Number of protein chains: 2
Amino acid sequence: MILSTKGRYGLKAAFELALNYGGGPVSLKTISSKYNISENYLEQLLAKLRKQGYIETVRGVNGGYMLARKPEEITVGMILRALEGEMTPSDCLSGEVCTRESICATRVIFEKIEMGINNVIDNTYLGDMVKQNSKVMQEAAK
Amino acid sequence: MILSTKGRYGLKAAFELALNYGGGPVSLKTISSKYNISENYLEQLLAKLRKQGYIETVRGVNGGYMLARKPEEITVGMILRALEGEMTPSDCLSGEVCTRESICATRVIFEKIEMGINNVIDNTYLGDMVKQNSKVMQEAAK
DNA sequence: TAATAGTTGACAATTTTACTAGGGTATACT
DNA sequence: AGTATACCCTAGTAAAATTGTCAACTATTA
């Protein structure tokens, strides 16, 4: 399993905010009960997203969370990295120096895997997910 | 970090065996000292690969480990899955049922990520790594 | 039969994960 | 003003995963 609940829960929450974009703040309680995620835990995940500038909050009665930018401007990669850290398959790619030549053969593989992942998460926007979802919903309604 | 040391160390060891394919068994000590991996820990990883039929062992003096098949017949994916389990980004793809419709929007992302990873690891063979490596070595020698 | 080398199972330190608990602060509504 | 609502923040914590270590055992060969 590549993604922990941090990334999975966080992406679900971000998607929910994207669905409600432009419709005022969505409360923590609403999200956590809809997706069956612990309220306090989700709060911590959303705090990370807020600190990195992806979401904004409104305090007080009728407050809640909302995307700080358009869903078309936030990629899945931004959300996942904010929550999980850099998505590298190996230390080798994020600092560790390869002294032994032969190790580099495995490094090539890790680089390819990383490219494969980044290719997906950096080219998919929350807006795409919303579109995709409404398509699926229309199909289901038929 | 997507891969734990299991996958990283194990792939390095498998690559080493591929380098020495056809040249008799390679001892645990040789591999662990070359890659600076704990002998006993690496032993556990190699045991997994043996149980899944990717490597064979010879006990006693001059014994060691060797690939059970040609490097051209073993993919990186086989090695990584044997060590890390299925490479899914989310439970959602490996059993967990999606009851709430909206969750499926995130599921689509996870599927794409999984495809991206599988595309790399299932299409790269240990033999490819050996070839790649000898190319790099030749370049370095110039 | 001694030395080498893999086999097995128990166990242990450390880190990460996935929470829980609870007090603090801002806002809106009455 | 008071109160309920809802985010804010820090600390703690149990369980799991990670990353090993140790020791006794078995097989092989020189």
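Chain letters run A, B, ... following the sequence lines, proteins first, then strands; residues in each count from 1. What you see below is based on every heavy atom in this structure, not just the backbone, and it leaves out hydrogens, waters and symmetry mates. Values in this document were obtained by computation on a predicted structure and should not be read as measured data.
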Candidate nucleotides [options], ranked by approach to the side chain of [X] - the nearest:
X	options	value
A:L28	D:dC7, C:dC19, D:dT19	D:dC7
A:T57	D:dC8, D:dA6, C:dG6	D:dC8
B:T5	D:dG20, C:dG6, D:dC7	D:dG20
A:N40	D:dC7, C:dA21, D:dT19	C:dA21

Subject >> Test item: A:R50 and A:E56 side chains (from C-beta on) under 4.5 Å apart, heavy atoms >> reply: no
Subject >> A:I109 side chain reached by B:M129 side chain, heavy atoms, under 4.5 Å >> reply: yes
**OP:** Using whole Å, report how far CD of A:E43 lies from P of C:dT20.
**Re:** 12 Å
**OP:** Look at the side chain of A:R59 against the base of C:dT27 and say whether a donor-acceptor pair falls under 3.5 Å; ignore hydrogens and angles.
**Re:** no
Subject >> Check: D:dA30 base within 3.5 Å donor-acceptor of B:N62 side chain >> reply: no
Original post:
Among side-chain atoms of A:T5 and A:Y41, is any donor-acceptor pair under 3.5 angstrom?
Top reply: yes
**OP:** Decide whether B:Y125 and B:E73 meet the rule of one side-chain donor and one side-chain acceptor closer than 3.5 Å.
**Re:** no
Original post:
On DNA chain D, nearest-nucleotide positions of A:K51 versus A:G63: which is more 5'?
Top reply: A:G63
**OP:** For B:K29 and for A:G60, locate the closest nucleotide of DNA chain C by heavy-atom distance; then report the residue assigned to the nucleotide nearer the 5' terminus.
**Re:** B:K29
**OP:** Could you pick out which residue, A:V61 or A:Q44, lies toward the 5' side of DNA chain C when each is mapped onto its nearest nucleotide?
**Re:** A:Q44
